[in-house]
Amino acid sequence: MTLHKILKYLALVIGVVGLILWGRVLMAGDDAIESSADVQASVVTPFLYVAYLVFAVIVLLVLFFVIKGLFSGNIKRTLIAVGAFLLVIVVAYLLTDGTETQLSDGTMLSASANHWVGAGLVTFYILASIAILLMVLSGIRKLIK
């Protein structure tokens with residue numbers, strides 16, 4: 001059997017199990033699920049386990065195909081791209097500072113967490129700016145031709 005057929009049958013089985021569990025959730029009703037922890041444990045928990053299983057399978061498949069693609073493709077270009085991405089993250093981390101912040105619910109956000117949140121936002125802004133710039137340059141290049 002090919003991998004495609006195995007994955008197709010696995011997806012079918014998981015889909016049927018998920019459909020059955022979803023039917024159980026609908027038959028239990030909102031009020032019963034909200035009011036009883038036993039109903040939550042017997043109806044919602046199996047549904048969540050199926051979701052966890054699907055998520056784990058997806059992560060494993062993505063990792064498998066990424067690693068397979070790394071070794072079958074041009075590893076030098078891949079490593080350059082990963083290095084450039086890490087460089088953007090380092091630059092974003094160096095551009096931000098972290099200060100302890102009180103959140104709206106009264107809890108405190110640590111300085112380290114604030115620093116990483118800021119670095120994540122700056123990373124997004126840098127990458128979005130690069131993407132927009134490359135789209136504009138590509139459009140200009142097509143207009144010139």
Side-chain angles (χ1 to χ4, degrees), residues 1-26 28 30 33-34 36-145:
M1 270 180 132
T2 65
L3 182 63
H4 176 71
K5 283 187 179 183
I6 293 171
L7 292 177
K8 186 167 63 171
Y9 289 129
L10 180 66
L12 181 66
V13 168
I14 291 174
V16 169
V17 169
L19 189 61
I20 291 168
L21 293 174
W22 179 61
R24 287 186 62 208
V25 168
L26 289 178
D30 294 346
I33 292 174
E34 288 176 8
S36 172
D38 292 335
V39 175
Q40 289 175 9
S42 68
V43 175
V44 177
T45 303
F47 198 66
L48 290 174
Y49 284 135
V50 170
Y52 297 147
L53 174 71
V54 169
F55 182 69
V57 168
I58 289 170
V59 167
L60 289 174
L61 287 173
V62 165
L63 287 174
F64 172 75
F65 285 112
V66 164
I67 291 170
K68 180 183 170 191
L70 280 175
F71 291 116
S72 65
N74 188 348
I75 191 103
K76 181 180 176 184
R77 292 183 72 188
T78 303
L79 290 175
I80 289 172
V82 169
F85 180 68
L86 290 175
L87 179 67
V88 169
I89 292 173
V90 167
V91 167
Y93 187 81
L94 294 174
L95 288 176
T96 59
D97 61 341
T99 56
E100 196 169 292
T101 307
Q102 185 170 358
L103 301 176
S104 61
D105 63 354
T107 60
M108 294 297 287
L109 181 66
S110 69
S112 175
N114 189 338
H115 197 169
W116 279 110
V117 168
L121 289 170
V122 171
T123 299
F124 169 76
Y125 298 145
I126 291 170
L127 293 175
S129 300
I130 291 170
I132 292 169
L133 179 67
L134 290 175
M135 285 188 288
V136 169
L137 290 176
S138 174
I140 292 172
R141 191 174 300 146
K142 284 183 182 179
L143 285 175
I144 292 174
K145 287 183 179 181

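Numbers here are sequence positions counted from 1.
- Not a single side chain to side chain contact (heavy atoms under 4.5 Å, CB included) links Ala111 to another residue, sequence neighbours left out.
- For the side-chain contact (heavy atoms from CB on, under 4.5 Å) test with Ile14, the passing option among Leu10, Val16, Val17 is Leu10; the others fail.
- Using a 30° and 60° split on the angle between ring planes, Tyr93 and His115 fall in the parallel class, below 30°.
- Among residues two or more places apart in sequence or in another chain, the side chain to side chain contact (heavy atoms under 4.5 Å, CB included) test is passed with Ser138 by Lys142.
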For residues 58-65, which side-chain N or O atoms pair as donor and acceptor with protein atoms under 3.5 Å away, sequence neighbours left out?
none

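- With sequence neighbours excluded, no residue satisfies side chain to side chain contact (heavy atoms under 4.5 Å, CB included) with Ala11.
- Rounding to the nearest 0.5 angstrom, the gap separating the OG1 atom in Thr45 from the OH atom in Tyr52 is 8.5 Å.
- Counting all heavy atoms, side chain and backbone alike, Ala41 lies closest to Pro46 at O-CD, 3.6 Å.
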Under 3.5 Å, which donor-acceptor pairs do the side chains of residues 118-135 form with other protein atoms, sequence neighbours left out?
unit_1	atom_1	unit_2	atom_2	d
Thr123	OG1	Ala119	O	2.7
Ser129	OG	Tyr125	O	2.7

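- For Thr107, the side-chain hydrogen bond (donor to acceptor under 3.5 Å, both in side chains) partners are Asp105, not counting sequence neighbours.
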Could you list the donor-acceptor pairs under 3.5 angstrom formed by side chains in residues 80-91, with sequence neighbours left out?
none

Would you be so kind as to tabulate the donor-acceptor pairs closer than 3.5 Å made by side chains of residues 18-26, with sequence neighbours excluded?
unit_1	atom_1	unit_2	atom_2	d
Arg24	NH1	Ser42	O	3.3
Arg24	NH2	Ser42	O	2.9

